[in-house]
Number of protein chains: 2
Amino acid sequence: MRTDLLCRCHYFAGLAEETLTAAASAAQLRHVSGGEFFFRQGDPASHFYVLAEGHARLSQITPEGRQVIMGLIGPAHAIGIIAAIPGALYPLDLQATQDSQALTWNQRTLHMLLESHPVLGLRALRMVSSRFVELQDRYRELATERVERRLARAILRLVAQVGRPEAGGVTIALPLARQDLAELTGTTLYTVSRTLSAWEDAGIIRSGRERVTLCDPARLTAIAEDLPTA
Amino acid sequence: MRTDLLCRCHYFAGLAEETLTAAASAAQLRHVSGGEFFFRQGDPASHFYVLAEGHARLSQITPEGRQVIMGLIGPAHAIGIIAAIPGALYPLDLQATQDSQALTWNQRTLHMLLESHPVLGLRALRMVSSRFVELQDRYRELATERVERRLARAILRLVAQVGRPEAGGVTIALPLARQDLAELTGTTLYTVSRTLSAWEDAGIIRSGRERVTLCDPARLTAIAEDLPTA
DNA sequence: GGGCGTCGTTGCGCTAGATCAAAGAAGGCA
DNA sequence: TGCCTTCTTTGATCTAGCGCAACGACGCCC
């Protein structure tokens, strides 16, 4: 059942049975309550995690105390491969937003795994590279696109990642405050609220307290991509 | 002399002589004229490069044609380790801004090197991770900081990277138009021009056509870090 | 079920910075 | 030397989105 989880995780998906069981049996299980931190920005990068249950938020905080959300993490997401690099520090906070459980490997275990299963090294490079490319895209977006479009893309991403189908739409299965969306898209909660209200008037979404339901994906995609509004 | 270059490059620095000579002798030399591209966004990632001479620009272009500069590359900079990943595409353009020369390894050569010198795999992960962390910082900056501060940081970075000491300051040894600085910081050439003019009036910098000289690093750092202006 | 804390909405004013327009410099080349 | 291209500066105007403030709504806990 641990190997099932690993299979659903990009990092381990499709590897040899033997590799999976080795990884699974070397893992420890860690429980973190909602609001608590898996690790903090600046801590020595001591563990690699694969989230098993719950949700968590990757964020950075500015010297002035403003927060930026770099990502929202759900089950089967791998985080902290930087622990494979001797002496590295975590560059971000990882905070559980609900009670969560994760498989975890410490540095020593991770090194042993990487040595006996070299494919995991290539996988690590592949994972970091693909996150790097995603971040580049978000950077470009932030540098060149309007708030409305960035918000549209963020919601489409979240729906794709943790959408739960429902009568009349797909709901983001995650408590998600306006403030969270603001920190995720580089704007303010006021602007998020106004934009969501406008979309709700237009019938594109329905929303409530810490909840967003996408009703008309096509129109939101049109906003995100600047297609002609049909 | 090839190994000298590799030594100055983060990726190879401090490795065993044997590894360096193996890498150096496996490399090919490629010349690219100013304005030409080493590779384009979307091309299959076929080669890994270490720039030997000249300068180049890593950039992304939006569907609407707006350009964003992700980095400026000088000698001894390694680019394109993504070529180690089978099937990957380059996510960016790499364009020579002057006549340039680079050492280069194709996919097959790169794989052979990585297999016979496993330390290079860990180095690759380390390099991508550190670039990832840098990009995260720039992302946070873009999301939370004013243009003036972002521009101050960009200039400080450039001075640290390619500064050439001169009478009365340090000049950025790179032809650098206002438009380039704008694309590097996520603003417009008008705002860059106004800001530089203000700084020049204040005696912090001197500037000219495609040229910036930093005269008062302390004051610019104060702007970049929001220290009290002495 | 009533009170309270948290979250969301919306009107209003404001400003950082984009955009437009037009007029200089600086260099390259014939 | 003079023309032409490219880069830069600066004024004027405009606007997206920020920040504040006040109010409203939801949900939780005693």
Side-chain angles (χ1 to χ4, degrees), chain A residues 34-35 57 62 64-69 97-98 141-155 171-172 174-202 204-213 223 226, chain B residues 34-35 57 62 64-69 97-99 141-152 154-155 171-172 174-202 204-213 223 226:
Chain A
R57 164 193 300 163
T62 70
E64 290 87 26
R66 248 186 94 169
Q67 199 174 47
V68 176
I69 297 182
T97 49
Q98 311 170 357
E141 242 178 76
L142 192 56
T144 61
E145 318 264 41
R146 297 273 146 106
V147 166
E148 187 181 32
R149 190 176 299 182
R150 301 204 305 268
L151 189 55
R153 295 207 182 152
I155 287 181
T171 295
I172 295 171
L174 208 71
L176 192 68
R178 302 293 180 266
Q179 178 71 37
D180 296 328
L181 280 169
E183 289 172 357
L184 204 51
T185 51
T187 178
T188 63
L189 77 119
Y190 308 108
T191 302
V192 170
S193 180
R194 280 180 237 275
T195 308
L196 292 189
S197 295
W199 288 347
E200 186 147 19
D201 291 347
I204 299 173
I205 62 163
R206 274 175 296 127
S207 78
R209 192 189 175 89
E210 301 192 319
R211 189 181 50 73
V212 176
T213 305
I223 291 169
D226 196 26
Chain B
R57 164 192 301 163
T62 71
E64 290 87 26
R66 247 186 94 170
Q67 200 175 47
V68 175
I69 298 181
T97 48
Q98 311 170 358
D99 287 8
E141 242 178 76
L142 192 55
T144 61
E145 317 264 40
R146 299 269 140 111
V147 166
E148 188 180 32
R149 190 175 299 182
R150 301 205 304 269
L151 188 55
I155 287 180
T171 295
I172 295 171
L174 208 72
L176 192 68
R178 301 294 180 265
Q179 178 72 37
D180 296 327
L181 280 168
E183 289 172 357
L184 203 50
T185 52
T187 179
T188 62
L189 79 124
Y190 307 107
T191 300
V192 170
S193 179
R194 279 180 236 276
T195 307
L196 293 189
S197 294
W199 288 346
E200 187 147 19
D201 291 348
I204 299 174
I205 62 162
R206 272 173 298 127
S207 78
R209 191 188 176 89
E210 301 192 320
R211 188 181 52 73
V212 175
T213 305
I223 291 169
D226 195 26

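Chain naming here is simple, since letters A, B, ... match the order of the sequence lines and numbering starts at 1 in each.
Distance B:E183 CD to D:dC7 P: 12 Å, rounded to the nearest Å. The nearest whole Å value for the distance from the CZ atom in B:R66 to the P atom in C:dT19 is 6 Å. Counting to the nearest Å, the P atom of C:dA22 and the CG atom of B:L189 are 17 Å from each other. The separation between B:D201 atom CG and D:dT9 atom P is 11 Å, rounded to whole Å. Across the protein-nucleic acid pair, A:W199 atom CH2 and C:dT9 atom C1' stand 16 Å apart, rounded to whole Å. Between A:R211 atom CZ and D:dA25 atom P there is a gap of 16 Å when expressed in whole angstrom units. Between the CG atom of B:L196 and the C1' atom of D:dT10 there is a distance of 14 Å, rounded to whole Å.
Inter-residue side-chain proximity for B:T185 and B:V147 is flagged as unmet; no heavy-atom pair is nearer than 4.5 Å. Within the 4.5 Å cutoff, the side chain of A:I204 has heavy atoms near those of the A:I223 side chain. A heavy-atom distance below 4.5 Å is not found between the side chains of B:D180 and B:L174. The side-chain heavy atoms of A:V68 and B:T144, taken from C-beta on, include a pair separated by under 4.5 Å.
Direction of the helix axis in the helix from C:dG1-D:dC30 to C:dA30-D:dT1 shifts by 30° between the two five-pair termini, rounded to 10°.
The backbone N or O of A:E183 sits nowhere less than 3.5 Å from a side-chain atom of A:Q67 that would complete a donor-acceptor pair. Side chain of B:R150 to backbone of B:E141: no donor-acceptor contact under 3.5 angstrom is found. Looking at B:S193, its side chain never comes within 3.5 Å of a backbone N or O of B:L189 through a donor-acceptor pair.
Ion pairing between a basic and an acidic side chain is recognised when a charged N comes within 4.0 Å of a carboxylate O; A:R149 and B:E64 show such pairing.
When heavy atoms are screened at a 4.0 angstrom cut-off, B:S197 is found touching the sugar-phosphate backbone but no base atom.
For the residue pair A:E148 and A:T195, no side-chain donor N or O sits within less than 3.5 Å of a side-chain acceptor on the partner.
Between A:R178 and C:dC7 there is no side-chain polar atom (N or O) within less than 4.0 angstrom of OP1 or OP2.
Side-chain atoms of A:R209 come within donor-acceptor range of the base of C:dT6, with a qualifying N/O pair under 3.5 Å.
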Pairwise N/O distances under 3.5 Å, protein to nucleotides 12-18 of chain D:
{"unit_1": "D:dA12", "atom_1": "N6", "unit_2": "B:R194", "atom_2": "NH2", "d": "3.2"}
{"unit_1": "D:dG17", "atom_1": "OP1", "unit_2": "A:V147", "atom_2": "N", "d": "2.9"}
{"unit_1": "D:dC18", "atom_1": "OP1", "unit_2": "A:T187", "atom_2": "OG1", "d": "3.0"}
{"unit_1": "D:dC18", "atom_1": "OP2", "unit_2": "A:T187", "atom_2": "OG1", "d": "2.8"}
{"unit_1": "D:dC18", "atom_1": "OP2", "unit_2": "A:T188", "atom_2": "OG1", "d": "3.1"}
{"unit_1": "D:dC18", "atom_1": "OP2", "unit_2": "A:T191", "atom_2": "OG1", "d": "2.3"}

